[in-house]
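Just so you know, these numbers come straight off a predicted model, no measurement behind them. Numbered from 1 within each chain, the chains take letters A, B, ... in sequence-line order.
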Amino acid sequence: MGNCIQMLADQVSLIASANTWIEGLATQQLIKTAELSGMQRVIGMPDLHPGRGYPVGAAFFSQGVLYPALVGSDIGCGMALWQTSLKHHKTSVDKLERKLGNQEQPLEQHWLALIQQRQQQLGLQATAHDQSLGTIGGGNHFAEFQQIDQLYIPAAELPGLDQQRLLLLVHSGSRGLGQQILTSHVEQHNHQGLTDQQPAQAAYRQQHDQALRWAELNRELIARRFLVAIGSEGEPLLDVNHNLVSPFQLHGQTGWLHRKGATPSDQGLVVIPGSRGDYSWLVRPIANPDLLCSLAHGAGRKWKRGDCRQRLSHKYSVNDLRYTRFGSQVICADRELLYDEAPEAYKPASAIMESLQQAGLVEPLARLKPVLTYKTRGECC
DNA sequence: ATGTGC
């Protein structure tokens, strides 16, 4: 139980079971990031993998200095889980695929009233990026229909969750908005942090918080347009950001908790998603302040983006990759992306779950299985 | 990651 939490350096720990592969470069980046001025504690999650300078899948607690570059450009990236009104046995993969069509165009005019209503409710200003609202984006972002594969607790203990209904998991973020916020910060301050005394810190936080609300609205709009497309209704079960910075108290000390690919464990139920060819888990987090109240945000890349096509093209054709071992289908007309997001490019989700369970951080509630993963209809490469 | 860079 205890040995799944490794101490890498003073105040730097890594949550990883014996079965969980962590790349050396990622731990190097983790230790390096811990040396930033004001950094008090750093926790690597089991899905830790190398990023651009800073690792992905980690939580960083600092005092006196806030680091926008640690949050990265996709501020507010997160996971929303919706329950549809459609029973999974009443539909089929092919039917869903046909009904979905292309969901990447800007939202039609009739969505404007809802968008404006939500903007008002959220205190969200109009931005130059609002035409991207309701779009998934690229990279590891997706919208995925899933079904409950297994329940770990009696159904009666999960009121509101219906085993028969199709679920919709949306992974997206703040698109160009977060990118623009980080870029303008880096233009002025490079990768330097912002001290509590600098007005620029408050200015960043204000923009950051807008990006969180924008990203949450984006996931809601994606979910709603997918529901409309399949002729279903639905309701949100959860929405949790995994790229953000927020005020945090560690042992009575106030500071900044940066989460970069780290899911909060102090905000209710969350999904720990696997790759498109793997299970995801709905879990009840058990918050642990020493581990910065954070969890893995997914399976974690095993292979670098851009390497995957070379590694896998001798083994799988494009057609092979359109389906998974579950018989689920993948909508991804972008060949490069189809390989980059292949299940084999990711660590097994079971290892991530094992790590979190051994660390006493989650109670699994349900195992979810992919039915249809939507990436992009647009051709590329 | 990116209403993407050559």
Side-chain angles (χ1 to χ4, degrees), chain A residues 26 29 33 47-58 67-80 102-109 111-112 115 126-143 170-187 191 204 207-208 210-212 214-219 221-222 225 240-245 258-263 273 275-276 297-301 303-309 332-341 345-346 373-381:
Chain A
Q29 288 182 339
T33 308
D47 57 336
L48 187 80
H49 61 92
R52 290 193 172 175
Y54 311 112
V56 180
Y67 291 93
L70 278 186
V71 177
S73 62
D74 197 7
I75 303 163
C77 187
M79 293 282 172
N102 187 309
Q103 297 298 327
E104 290 151 88
Q105 306 308 315
L107 286 172
E108 291 166 41
Q109 283 302 311
W111 290 92
L112 196 61
I115 292 172
T127 77
H129 300 271
D130 291 353
Q131 72 283 5
S132 300
L133 277 168
T135 62
I136 296 170
N140 57 2
H141 291 171
F142 62 80
V170 177
H171 178 208
S172 190
S174 56
R175 313 283 275 102
L177 175 62
Q179 164 85 324
Q180 176 251 308
I181 294 169
L182 182 66
T183 301
S184 74
H185 164 78
V186 171
E187 277 167 2
H191 277 213
Y204 169 78
Q207 294 182 297
H208 162 280
Q210 287 274 301
L212 295 190
W214 196 102
E216 290 158 5
L217 175 56
N218 189 34
R219 289 187 290 270
L221 292 167
I222 292 165
R225 86 187 292 181
V240 184
N241 297 309
H242 52 232
N243 288 352
L244 74 162
V245 57
H258 309 71
R259 291 183 174 107
K260 173 59 174 178
T263 294
S275 73
R276 71 190 186 209
H297 78 310
R301 294 200 78 84
W303 296 338
K304 261 195 310 196
R305 229 172 257 294
D307 283 2
C308 304
R309 190 165 163 186
C332 184
D334 178 339
R335 181 184 281 261
E336 190 77 9
L337 190 57
L338 189 65
Y339 282 95
D340 275 351
E341 297 297 312
Y346 285 85
T373 309
Y374 189 107
K375 298 288 287 180
T376 177
R377 298 268 188 194
E379 287 187 46
C380 168
C381 318

Determine the contact category for A/G139: base if any of its heavy atoms lies under 4.0 Å from a base atom, sugar-phosphate if only primed atoms, P, OP1 or OP2 are that close, otherwise nothing.
sugar-phosphate
Answer yes or no: does a side-chain N or O of A/H141 lie under 4.0 Å from OP1 or OP2 of B/dT2?
yes
Rounded interatomic separation in angstrom, taking CD1 from A/I136 and C1' from B/dT2:
16 Å
Should A/S184 and A/Y204 count as side-chain neighbours, where that means a heavy-atom distance under 4.5 Å?
no
Atom pair distance, as rounded to whole Å: CG in A/D74 and P in B/dA1
7 Å
Could you state the CZ-P distance from A/R305 to B/dA1, rounded to the nearest angstrom?
4 Å
What is the distance, rounded to the nearest whole Å, between atom CG of A/N218 and atom C1' of B/dT2?
14 Å
Counting the atoms with a prime plus P, OP1 and OP2 as sugar-phosphate, which does A/G137 contact under 4.0 Å by heavy atoms, base, sugar-phosphate, or nothing?
sugar-phosphate
Would you call A/E104 and A/R225 a salt bridge, using N to O less than 4.0 angstrom?
no
Have a look at A/G173 and say if it touches a base, only the backbone sugar-phosphate, or nothing, with a 4.0 Å heavy-atom cut-off.
nothing
Would you mind classifying the nucleic acid contact of A/A128 as base, sugar-phosphate or nothing, using non-hydrogen atoms under 4.0 angstrom?
base
Taking the six-membered ring of A/F142 as reference, does the cationic atom of A/R276 (NZ for Lys, CZ for Arg) lie under 6.0 Å from its centre and within 45° of its axis?
no
Would you say the side chain of A/N243 lies within less than 4.5 Å of the side chain of A/R259, judging by non-hydrogen atoms?
no
Nucleotide B/dG3, atom P - distance to CG of A/L221 in whole Å
16 Å
A/I181 CD1 to B/dG3 P, in whole Å, measures 12 Å
I need the CZ-P distance between A/R175 and B/dT2, as an integer number of Å.
5 Å
Between C1' on B/dG5 and CD on A/E336, what's the gap in Å once rounded to a whole number?
15 Å
